[in-house]
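Below is one structure, written out as C-alpha cells, with a few remarks after it.
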Amino acid sequence: MADGAALWRIARDSEVLDLNSSYSYLLWCRDFAATSAVARDERGEPVGFVTGYVRPDRPDTLLVWQVAVDAAYRGRRLAGTLLDGLADRTVAELGLTTLETTISPDNTASQRLFTSFAERRGARLEREVLFDTELFPDGPHEPEVLYRIGPLSATG
C-alpha cells in the first residue's frame, strides 16, 4: 500500500497516462498487488510499475491497466522487464493465458512495448477498437484500442 503515492507521482509525471486519483493508486497497491509489479532503485524507491487485474468475466486474462517508468530510468528496457516478469508470475501462479491492454493511437511507446512483448512470447496479437472517441464523456479523447495477446506461457 505504501507504494501508492509513488505510483501516482510516476503516472502524473509521465505526461502520457490518464491520471487517476491518488486514492485509486493506494487501493490498487492494496487490492491488486498480486497482479501488478513495481521496479525499485538502489534505495528501494519505486521507479516504474505495471498495474493489472484479472478480468472477472475472463479469469484466464490479465488486463494491464497502466505501465509507467520514471523519466530518469527510461531507455533501460525496464517496462519490458516488468511486463515479462508480471506475465511469467501470473501465468505460473494464476494459470493466465491471455494478456490484454488498451492503447490510444498516439501512444507509440506502448504500441512498441506490447508488440515486442507478443513477439518475444511467440504469441498472437489481435487489435480492435474497444472504446470509440464518442464514448468518453470528459472531452476529446482518442479511441482506446484493445490489444489481446495470447496464448501465453511462462518463459522463466
Side-chain angles (χ1 to χ4, degrees), residues 3-4 7-8 10-21 24-25 27-39 46-70 73-156:
D3 290 338
L7 273 54
W8 178 83
I10 293 168
R12 178 199 63 198
D13 295 347
S14 76
E15 299 180 356
V16 176
L17 295 178
D18 288 338
L19 184 63
N20 300 295
S21 71
S24 69
Y25 291 90
L27 280 176
W28 203 282
C29 289
R30 185 191 74 169
D31 294 342
F32 299 110
T35 52
S36 299
V38 176
V47 296
F49 68 87
V50 176
T51 54
Y53 63 88
V54 176
R55 287 194 47 200
D57 63 333
R58 289 187 133 173
D60 65 339
T61 300
L62 175 69
L63 186 289
V64 172
W65 181 261
Q66 289 187 319
V67 179
V69 175
D70 183 271
Y73 290 84
R74 291 184 192 144
R76 303 180 189 188
R77 300 182 184 256
L78 189 56
T81 300
L82 280 168
L83 190 58
D84 284 336
L86 179 60
D88 286 341
R89 180 164 43 91
T90 57
V91 166
E93 294 175 4
L94 304 174
L96 302 183
T97 61
T98 305
L99 184 143
E100 292 182 344
T101 195
T102 64
I103 305 173
S104 59
D106 69 344
N107 191 339
T108 56
S110 285
Q111 292 169 20
R112 283 193 305 267
L113 173 65
F114 285 93
T115 299
S116 65
F117 171 80
E119 290 170 356
R120 284 192 305 278
R121 299 291 172 137
R124 187 174 57 254
L125 169 59
E126 300 170 357
R127 296 176 189 90
E128 66 182 88
V129 174
L130 182 63
F131 300 120
D132 277 318
T133 301
E134 64 273 1
L135 292 175
F136 292 92
D138 56 349
H141 192 293
E142 283 201 292
E144 288 288 338
V145 178
L146 177 68
Y147 281 55
R148 183 176 292 118
I149 300 169
L152 299 177
S153 59
T155 61

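Note that these values count all heavy atoms, side chains included, but never hydrogens, waters or copies made by symmetry. All residue numbers refer to positions in the sequence shown, counting from 1.
Within 6.0 Å of atom CZ in Arg55, more than 12 heavy atoms from other residues, nucleotides or ligands are found, so the atom counts as buried in its surroundings. Other residues, nucleotides and ligands contribute over 12 non-hydrogen atoms within 6.0 Å of the CD atom of Glu134.
A salt bridge (charged side-chain N to carboxylate O under 4.0 Å, His left out) check over residues 61-70, counting only residues at least two apart or in different chains, returns nothing. Pairs of residues two or more places apart, or lying in two chains, that qualify as ring-ring contact (aromatic ring centres under 6.0 Å, His included) and include a residue from residues 100-145 are Phe136-His141.
In this structure, CD on Glu93 lies 10.5 Å from CG on Asp88, to the nearest 0.5 angstrom. Atom CG of residue Asp132 and atom CD of residue Glu142 lie 12.0 Å apart, to the nearest 0.5 angstrom. Note that OH of Tyr147 and OG1 of Thr115 are 5.0 Å apart. Values are rounded to the nearest 0.5 Å. Separation of atoms OG1 (Thr61) and CG (Leu94) is listed at 12.0 Å; rounding is to 0.5 Å. Expressed to the nearest 0.5 Å, how far CG of Leu7 lies from CH2 of Trp28 amounts to 11.0 Å.
Remark: side-chain polar atoms of Thr35 are not paired, donor with acceptor, to backbone N or O of Val54 under 3.5 angstrom. At least one donor-acceptor pair closer than 3.5 Å links the side chain of Arg121 to the backbone N or O of Asp84.
Of all heavy-atom pairs between Leu19 and Arg12, the closest is CD1-N, 3.6 Å.
Checked against side-chain contact (heavy atoms from CB on, under 4.5 Å), Pro143 has the following partners two or more places apart in sequence or in another chain: Pro105, Val129, Thr133.
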